[in-house]
A.B. asks: 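Here's a structure for you.
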Amino acid sequence: MTRLIVAGLALLFCNIGHASEPPRIAIIIDDLGYERAAGERAIGLPGALTVAILPNTPSARALADAAHASGKEVIVHLPLQAVEDEEAGDDTHIDIDTTAAEFASAFDAALASVPHAVGVNNHRGSLLTRHPGHMQWLMDNIRRQPNWYFVDSYTTHLSVALRIAEESGVPALKRDVFLDSSREPDDIQREIERLKLKAKRNGRAVAIGHPYPETLAALEAALPQLAREGFELVSVSSLIRMN
């Protein structure tokens, strides 16, 4: 009986400790690299945000340096082929015809153009992320970088990227909410509230937004409120370490 009481008390205190942990939110700002001013405004957002920088863009290196200096986490926003390829003819993205050797070369070139990066998420990729072979190549290349992680931007529900990452031993997460599929301010605010609900329900949630004026304005207003509302804003790497 004494053992049962002790075990019950231990479980109670464990549950109390777990319940006291705040819901954690990670927010990634995608598509940095072209518009310098928008990128700098995104980097200036308060808190532990993660910025995803498009490789081989005019401001990639400068924005990566600025983000790192500001304490923001930097990842490579790797262009992968979409089902409806809006950027056909853009030789910077990785497509279905890319060989393993070409994949590795493109990956290395992308990394070289984005200093301070600690991980990768996919830019577009609704076609390529459903192909296990190409996703295996991606994970093999990520594993060559010490302590790197992957975020599936989840641009299609057919994506196998997260599964392949887990099978390959690559630390990984999946995007839960797109903040700005619509750039209407009311819609962005609605997605911010949905992000909070997901974080409360699951203990954590990952959002992706873009450096649109509407998104940045919404986040400038919302982020300072998170701690007062009981949430903790963390980097993606912190969220992965908490798994």
A.B. asks: Testing the basics here: between A42 and I29, what is the closest heavy-atom pair and its distance to 0.1 Å?
C.D. replies: CB-CG2, 4.0 Å
A.B. asks: So, taking the atom named CD1 in I27 and the one named CG in L179, what distance separates them when rounded to the nearest 0.5 Å?
C.D. replies: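 Between I27 CD1 and L179 CG, I get 6.0 Å after rounding to 0.5 Å.
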A.B. asks: Got a list of side-chain donor-acceptor pairs under 3.5 Å for residues 101-112, not counting sequence neighbours?
C.D. replies:
from : atom 1 : to   : atom 2 : distance (Å)
E102 : OE1    : T99  : N      : 2.9
E102 : OE1    : T99  : OG1    : 3.3
D108 : OD1    : R144 : NH2    : 2.9

A.B. asks: Suppose the criterion is ring-ring contact (aromatic ring centres under 6.0 Å, His included): which pairs have a residue in residues 137-161, not counting sequence neighbours?
C.D. replies: H134-W137
A.B. asks: State, with a plain yes or no, whether a side-chain heavy atom of L80 is found less than 4.5 Å away from one of R124.
C.D. replies: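 SC-SC contact between L80 and R124 ruled out.
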A.B. asks: Does any pair with a residue in residues 54-81 pass ring-ring contact (aromatic ring centres under 6.0 Å, His included), and if so which ones, sequence neighbours excluded?
C.D. replies: H68-H116, H77-H123
A.B. asks: Looking at S126 and T155, what are the two nearest heavy atoms and their distance?
C.D. replies: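 Smallest heavy-atom distance, with atoms named: N-OG1, 3.4 Å.
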A.B. asks: Apart from L197 itself, what residues make up its hydrophobic cluster, given side-chain heavy atom links below 4.5 Å?
C.D. replies: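 Joined to L197, directly or through intermediates: none.
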A.B. asks: Please report the closest heavy-atom contact between A52 and N121, naming both atoms and the distance.
C.D. replies: CB-OD1, 3.5 Å
A.B. asks: Could you please spell out the steps behind the side chain to side chain contact (heavy atoms under 4.5 Å, CB included) verdict for V236 and I75?
C.D. replies: CA-CA 10 Å; V236 174; I75 62 176; 5.8 Å; no
A.B. asks: Just grab all the ring-ring contact (aromatic ring centres under 6.0 Å, His included) pairs involving residues 211-243, residues at least two apart or on different chains.
C.D. replies: H210-Y212
A.B. asks: Got L223 and L49 here, is their nearest side-chain heavy-atom distance under 4.5 Å?
C.D. replies: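 The answer is yes, as the side chains (C-beta and beyond) meet within the 4.5 Å cut-off.
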A.B. asks: Donor-acceptor pair, distance only, cut-off 3.5 Å: does the side chain of S168 make one with the backbone of V170?
C.D. replies: no
A.B. asks: Under the rule for side chain to side chain donor-acceptor pair (under 3.5 Å), what residues qualify as partners of E35, not counting sequence neighbours?
C.D. replies: none
A.B. asks: Show me the pairs that pass salt bridge (charged side-chain N to carboxylate O under 4.0 Å, His left out) and involve residues 128-137, at least two apart or across chains.
C.D. replies: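 Residue pairs with at least one partner in residues 128-137: there are none.
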A.B. asks: With a 4.5 Å limit on heavy-atom distance, are the side chains of L127 and V83 in contact?
C.D. replies: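 The answer is yes; the side chains approach within 4.5 Å.
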A.B. asks: I need the L173 CG to I240 CD1 distance, nearest 0.5 Å.
C.D. replies: 4.5 Å
A.B. asks: Could you name each residue pair satisfying salt bridge (charged side-chain N to carboxylate O under 4.0 Å, His left out) that touches residues 228-243, not counting sequence neighbours?
C.D. replies: R24-E232, K196-E229
A.B. asks: Starting from L138, can I reach V151 by hopping between I/L/V/M/F/W/Y residues whose side chains sit under 4.5 Å apart?
C.D. replies: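 No, separate clusters.
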A.B. asks: Between L239 and A26, what is the shortest heavy-atom contact and its length?
C.D. replies: CD2-CB, 3.9 Å
A.B. asks: State whether the side chain of S70 and the backbone N or O of K72 hold a donor-acceptor pair below 3.5 Å, judged by distance alone.
C.D. replies: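 Looks like no, no N/O pair under 3.5 Å.
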A.B. asks: From L219 CG over to Q189 CD, what is the distance, rounded to the nearest 0.5 angstrom?
C.D. replies: 9.5 Å
A.B. asks: Can you see which heavy atom on T57 is nearest to which on L54, and at what distance?
C.D. replies: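 Between these two residues, the closest heavy atoms are OG1-O, 2.7 Å.
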A.B. asks: Rounded to the nearest 0.5 Å, what's the gap from CG on L162 to CE on M135? Could you check?
C.D. replies: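 Spacing of CG (L162) from CE (M135) equals 12.0 Å.
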A.B. asks: Regarding N122 and T129, do their side chains bring together a donor and an acceptor under 3.5 Å, going by distance alone?
C.D. replies: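 There is no such pair (donor and acceptor under 3.5 Å, judged by atom type) between the side chains of N122 and T129.
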A.B. asks: Is any side-chain heavy atom of M242 closer than 4.5 Å to a side-chain heavy atom of V234?
C.D. replies: yes
A.B. asks: Scan for salt bridge (charged side-chain N to carboxylate O under 4.0 Å, His left out) pairs involving residues 148-163, sequence neighbours excluded, and state none if there are none.
C.D. replies: R163-E167
A.B. asks: Do I94 and L128 have side chains that approach each other closer than 4.5 Å (heavy atoms only, starting at C-beta)?
C.D. replies: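 Yes, close enough: below the 4.5 Å cut-off.
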A.B. asks: Between L32 and I43, is there a side-chain heavy-atom distance shorter than 4.5 Å?
C.D. replies: yes
A.B. asks: Please report the shortest heavy-atom distance between A64 and P115, naming the atom on each side.
C.D. replies: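 Closest heavy-atom pair between A64 and P115: CB-O, 3.4 Å.
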A.B. asks: Using a 3.5 Å distance criterion without hydrogens, assess whether the side chain of S159 forms a donor-acceptor pair with backbone atoms of T156.
C.D. replies: no
A.B. asks: Please collect all salt bridge (charged side-chain N to carboxylate O under 4.0 Å, His left out) contacts where either partner lies in residues 201-217, sequence neighbours excluded, each pair once.
C.D. replies: R183-E214
A.B. asks: Kindly indicate whether the side chain of N147, heavy atoms from C-beta on, has any atom under 4.5 Å from the side chain of V118.
C.D. replies: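 No, every pair of side-chain atoms sits at 4.5 Å or beyond.
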A.B. asks: Would you compute the distance between atom CD1 of I208 and atom CD1 of I28 and round it to the nearest 0.5 angstrom?
C.D. replies: 4.5 Å
A.B. asks: Which residues satisfy the side chain to side chain donor-acceptor pair (under 3.5 Å) test with R41, sequence neighbours excluded?
C.D. replies: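 With sequence neighbours excluded, R41 shows a side chain to side chain donor-acceptor pair (under 3.5 Å) to E220, given in chain and number order.
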A.B. asks: Say you draw a straight line from CD of E191 to NZ of K198; how long is it, rounded to the nearest 0.5 Å?
C.D. replies: 9.5 Å
A.B. asks: Would you list the pairs meeting ring-ring contact (aromatic ring centres under 6.0 Å, His included) in which at least one residue belongs to residues 163-202, sequence neighbours left out?
C.D. replies: none
